[in-house]
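Numbered from 1 within each chain, the chains take letters A, B, ... in sequence-line order.
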Amino acid sequence: MNTKEIESKWQKYWEDNNIFVAKNNSDKPKYYYLVEFPYPSGSGLHVGHVRSYTALDAMSRKKRMEGYNVLFPIGWDAFGAPAEQYAIKNHIHPKEAVKENIKVFKQQVKNLGISFDWSREFSTTDPEYYKWTQWQFLKFFEHGMAYKAKKDINWCPVCKTGLSNEDSSGGVCERCGSKVVQKEKEQWMLKMSDYSQKLLDGLADTEFLDRIKIAQINWIGKSEGAEVDFDLTVNDKLKVYTTRPDTLFGCTFMVVSPEHPILEKYADVIKNIKEIREYQKKAKEKTEFERTELVKEKTGVKIEGIEAINPLNGNKIPLFTADYVMMHYGTGAIMAVPAHDERDYEFAKKFNMPIIEVIKGGESLPYTGDGEMINSDFLNGIKTKKEAISKMIDVLESKKIAVRKTNYKLQDWIFSRQRFWGEPIPLVYCEKCGWQAVPYDQLPVLLPDVAHYEPTDDGESPLANITEWVNTTCPKCGGPAKRETDTMPNWAGSSWYYLRYMDAHNDKEFVSQEALKYWGMVDYYNGGMEHATRHLLYARFWHKFLYDIGLVPTKEPFKKRVAHGMILGSNGEKMSKSKGNVINPDDMVNKYGADALRCYEMFIGDYSQDAAWSDAGLNGCRKFLDRIVRLKDKVVDDNKYSSNLEILINQTIKKVTNDLDNMKYNTAVSSLMILLNEYEKQDKITKEDYHILLILLNPISPHITEELNEQCGFNPICLSKWPTYDENKLENDSYELVVQVNGKVRGKIEVNTDTSEEEMENLAKNLDNVKKYIENKEIVKIITIPKKLVNIVIK
RNA sequence: GCUUGUGUGGCGGAACUGGUAGACGCGCACGACUCAAAAUCGUGUGGCUUUUGGUCAUGUGGGUUCGAUUCCCACCACAAGCACCA
């Protein structure tokens, strides 16, 4: 039988016998493995998918054999811009495009023999699924967590469409190449920032990899400081946020963001308002890219006619507006301390502002640490940052001009997209009653079938053009109303899909409480590093909100989160069509077989590290499997391990078991290669020797091992128990003792395991090559490591 | 700039808690089989060397230690993410 036939035979067997279908009630302990569900793009499966799917598949298969009720599901994340653009270009409905792509993807995944539970499959674009996405959005709305706000978006004036940051990188529209500008739009927002602290604290309940935790912590960006009020010469106050209030005596000017309301409020007082308006306009035209990457040089305009007053010494301080201060962080205004802040320093140099040192040690940044306070009145002489900050805040608080304040970089979630291919936001606007939720019994709000998906001229979603859909009645007063035409972002559907898998076809609830209780948290979640911040934070936020309103029983969705490395092209660069280094998994399956491809991707290197593709390496794994097939000729009927192989077999069981548990797939494969090498040296091996090799390799290369196993007359491996090893049979009765002189290896002796330390030393000293070195030398000491080495230290 | 990660043969990569650096695989060389090639099998394979031995070698430079790829300090290179966050 050839590879293809064997693979489809066993894939059919698993499917026909529901081997991988998880039960929602079982006496067995549960375990939930999750891979990030794929975006079914037109280009098909990537070899990177093969890596992570195989890895978790191997774990799942082993866990089932260990007696667990394993949930290992798969679905499709199919809303979003790529599908929409594909549809616009090819003049087909995105629904149809998605259907086609899923079909292709599904076949590709099935050809790999991944043990997914297909009975729970769904797509985020199924009305039966997005009904519940909309339902949950209404929960946010009901609890005051959704609100509308004006936000700047990246806007391509030629395509007349909003762009994501990725599609506008370099300040240029990805599609037409024209310059991207900032345009203000009304957008639905979710109050994610309310959850900043909870998202931070919740990490303690997880076992995410450290680097993933760190990425989340940095993204949330907590900082502690104070808000300080500065009096203005116009009988008003300016509130600033600072993490270093202790440097207040070093403040020589202040800066507000170009969007700061104070500029409009005192437009008639500001003498150079024209100049300022000009600057505001320019700042708005700048894209995020220009504002950060291109223009490092500070720009700004002095605000003539208003000054601030230092609350401690009454000094008048000039006021500027500059775009290096962001409106969306802190209060949109800062006290500039040029002696100790690099940005303020650059600005001061350019605009000739005075620089007053308040921390001894020169132009060090405030963050660099402790230093003695100078030029600071009551703080003079204090030597630690902590004490100085604390004393300053006490003084300011007693004068009621400051409060302690914690800030987060994490912002609210912009939840609107002006696109066709997304979940409609289930709200209607009534002139009389304002925004109203679509009643729950009217969900889902279906995407209408239309012929054109292009955005409107003013950048509204194409849905805005479908008047018969937009015009509706107000659920509250029954009068005329209009539907919200924005749709949800891609991140919405992916924020709760892991819950839906628990109860994928429930048409009464988004997921039943029994299913939630039974499956609990996802035990093991694998995904790319690129999702370690956004997706993972959105999903955690979503889940925590559901928990707070009593809809899910756990505070966190995922127990453990791991990340795989990328598979790079054979030139070591990221695979891309333009570089011509893309490997199509189908081609590899056809040429080498799914088992060899899976084995190779596990063997390619450390799972969490990037690895470059090599056809030759894949062929090596093909040869490894072929050798196992040929090995069958040496098998003789015997139901015990060969006595001379027993130790190695037990060691290999231990090694493979531990390695699969710890994502060390590459060394698991190599230990099986070592076992095979040893088998091949024998004239005969027993059936049981062969059997154990097949079982241990099965999670990685399941088809060929099942086939050979069947040919030997054993029960299917997928229904067997994972093997255990005998603790007493892990050690040989002799080992190679290493003898060193001054840390350098000078000899090796084969000795019995029970050789005493004294004997070890004697044997070592009597080695000819060792004698040479220690003759006529003083032995300072001898270090003896049992079962390892003897090191003789001489002078 | 900041954060994180990574630097080991010709290549992918191993190395437990500080204890033989280079497991395993690829590639390469030679040999066997073959008319021949492929496949397969066998042997060898870090550099240098006076080769049963010696010596150098895990990005660079220091340090701790009987002993360092592993721990500490400083630096260099590459990759990814964030990016004027006060």
Side-chain angles (χ1 to χ4, degrees), chain A residues 210-212 214-215 217-219 221-223 225 240-244 247 255 257 288-289 291-293 295-298 322-326 328-337 340-344 346-347 365-367 407-411 529-530 532-533 563 565-566 568 570 572-574 599-600 603-606 608-621 623-624 626-627 630 658 664 666-674 676-677 680 736-748 768-769 772 780-785 787-794:
Chain A
D210 279 346
R211 60 181 171 136
I212 293 174
I214 290 165
I217 291 166
N218 290 342
W219 191 277
K222 182 177 181 171
S223 76
V240 302
Y241 175 70
T242 176
T243 54
R244 292 302 299 266
T247 61
V255 187
S257 146
E288 195 76 9
F289 176 71
R291 198 160 161 172
T292 58
E293 271 183 72
V295 190
K296 278 290 177 199
E297 183 151 344
K298 296 283 176 286
D323 64 5
Y324 81 94
V325 175
M326 306 293 145
H328 59 70
Y329 186 79
T331 62
I334 62 158
M335 57 174 227
V337 184
H340 304 288
D341 183 283
E342 203 177 11
R343 296 151 303 177
D344 298 344
E346 280 173 35
F347 193 87
L365 298 178
Y367 296 118
N407 263 324
Y408 302 88
K409 289 187 202 172
L410 187 71
Q411 289 171 48
M529 255 334 258
E530 70 274 21
T533 48
M566 268 189 299
L568 306 171
S570 49
E573 291 177 69
K574 209 168 163 173
C599 183
Y600 171 58
F603 186 59
I604 194 168
D606 185 313
S608 60
Q609 229 59 61
D610 292 351
W613 184 264
S614 152
D615 276 353
L618 170 52
N619 192 46
C621 287
K623 289 198 294 192
F624 166 60
D626 288 342
R627 280 162 61 202
R630 283 197 297 274
N658 292 341
K664 302 184 91 178
N666 54 337
T667 49
V669 174
S670 92
S671 69
L672 290 168
M673 288 173 169
I674 291 168
L676 173 64
N677 289 345
E680 284 181 333
E736 198 175 49
L737 173 68
V738 172
V739 182
Q740 299 181 333
V741 178
N742 280 354
K744 298 206 172 186
V745 180
R746 297 301 179 192
K748 295 169 188 177
D768 283 347
N769 197 45
K772 207 163 85 184
V780 182
K781 61 175 162 178
I782 300 178
I783 288 139
T784 309
I785 310 290
K787 293 178 193 172
K788 275 250 160 61
L789 63 76
V790 173
N791 185 14
I792 302 167
V793 185
I794 55 166

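- Closest to the side chain of A:Trp219, out of B:G53, B:U6, B:C82, is B:C82.
- Checking the phosphate oxygens (OP1, OP2) of B:U20, no side-chain nitrogen or oxygen of A:Lys748 falls inside 4.0 Å.
- Residue A:Asp610 is in sugar-phosphate contact alone, with no base atom involved, counting any heavy-atom pair closer than 4.0 Å across all strands shown.
- Comparing the P positions of B:U51 and B:G61 gives an interatomic distance of 30 Å, to the nearest angstrom.
- Annotation: cation-pi geometry satisfied between A:Lys298 and A:Tyr324 (NZ/CZ under 6.0 angstrom from ring centroid, within 45° of ring axis).
- When distances are taken from the side chain of A:Met326 to each of B:C84, B:U4, B:A21, the shortest belongs to B:C84.
- Contact annotation: A:Asn769 reaches the phosphate of B:G54 (side-chain N/O to OP1 or OP2, under 4.0 Å).
- If you check B:C16, B:G53, B:A23 against the side chain of A:Lys772, the one that comes closest is B:G53.
- Comparing B:G12 with B:G44, their P atoms sit 25 Å apart, to the nearest whole Å.
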Nucleotide by nucleotide, nucleotides 40-50 of chain B touches protein heavy atoms under 4.0 Å in the pattern (B base, S sugar-phosphate only, - none) SS---------

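- B:A21 and B:U58: their C1' atoms are spaced 7 Å apart (whole Å).
- Note on residues 612-621 of chain A: pairs passing side-chain hydrogen bond (donor to acceptor under 3.5 Å, both in side chains), not counting sequence neighbours, are A:Trp613-A:Asp615.
- One C1' atom belongs to B:G10, the other to B:U17, and the distance between them is 34 Å to the nearest Å.
- Nucleic acid contact class of A:Val793 (heavy atoms, under 4.0 Å, all strands): sugar-phosphate only.
- Among the protein residues, A:Ser671 comes within range of no part of the nucleic acid, since none of its heavy atoms lies under 4.0 Å from any strand.
- Evaluation of atom-type donor-acceptor distances gives no pair under 3.5 Å for the side chain of A:Lys409 against the base of B:C82.
- Backbone-only engagement by A:Lys664 is indicated by non-hydrogen atom pairs under 4.0 Å involving sugar-phosphate atoms exclusively.
- As rounded to the nearest Å, B:U70 and B:U64 have P atoms that lie 15 Å from one another.
- Atom C1' of B:U20 sits at a distance of 25 Å from the matching atom of B:C11, rounded to the whole Å.
- Put simply, NZ on A:Lys788 is 12 Å from P on B:G18, counting in whole angstrom units.
- Toward the 5' end of RNA chain B, the nearer of the two residues A:Thr667 and A:Ile674, judged by each one's closest nucleotide, is A:Thr667.
- Contacts of A:Asn677 with the nucleic acid, taken as non-hydrogen atoms under 4.0 Å apart, involve only primed sugar atoms and P, OP1 or OP2.
- The residue A:Asp606 sits close only to the backbone: its heavy atoms come under 4.0 Å of sugar-phosphate atoms, none of a base.
- Across all strands, A:Gln609 comes closer than 4.0 Å only to sugar-phosphate atoms, never to a base (heavy-atom distances).
- Among the protein residues, A:Ala612 comes within range of no part of the nucleic acid, since none of its heavy atoms lies under 4.0 Å from any strand.
- As judged by a 4.0 angstrom heavy-atom cut-off over every strand, A:Ile604 is placed among residues touching the sugar-phosphate backbone only.
- When the C1' atom of B:G19 is taken as reference, atom NZ of A:Lys744 falls 16 Å away, rounded to whole Å.
- Scanning RNA chain B for stems, defined as runs of 3 or more consecutive Watson-Crick or G-U wobble pairs whose donor-acceptor distances all fall under 3.5 Å, gives the following ranges: B:1-7 with B:76-82, B:10-12 with B:24-26, B:27-32 with B:40-45, B:46-49 with B:53-56, B:59-63 with B:71-75.
- OP1 or OP2 of B:C24 has not a single side-chain nitrogen or oxygen of A:Asn666 nearer than 4.0 Å.
- Within 4.0 Å (heavy atoms only), A:Asn791 reaches at least one base atom of the nucleic acid.
- Across all strands shown, A:Gly620 has heavy atoms under 4.0 Å from sugar-phosphate atoms exclusively, and none from any base.
- Between B:C24 and B:A79, the two C1' atoms lie 26 Å apart (nearest whole Å).
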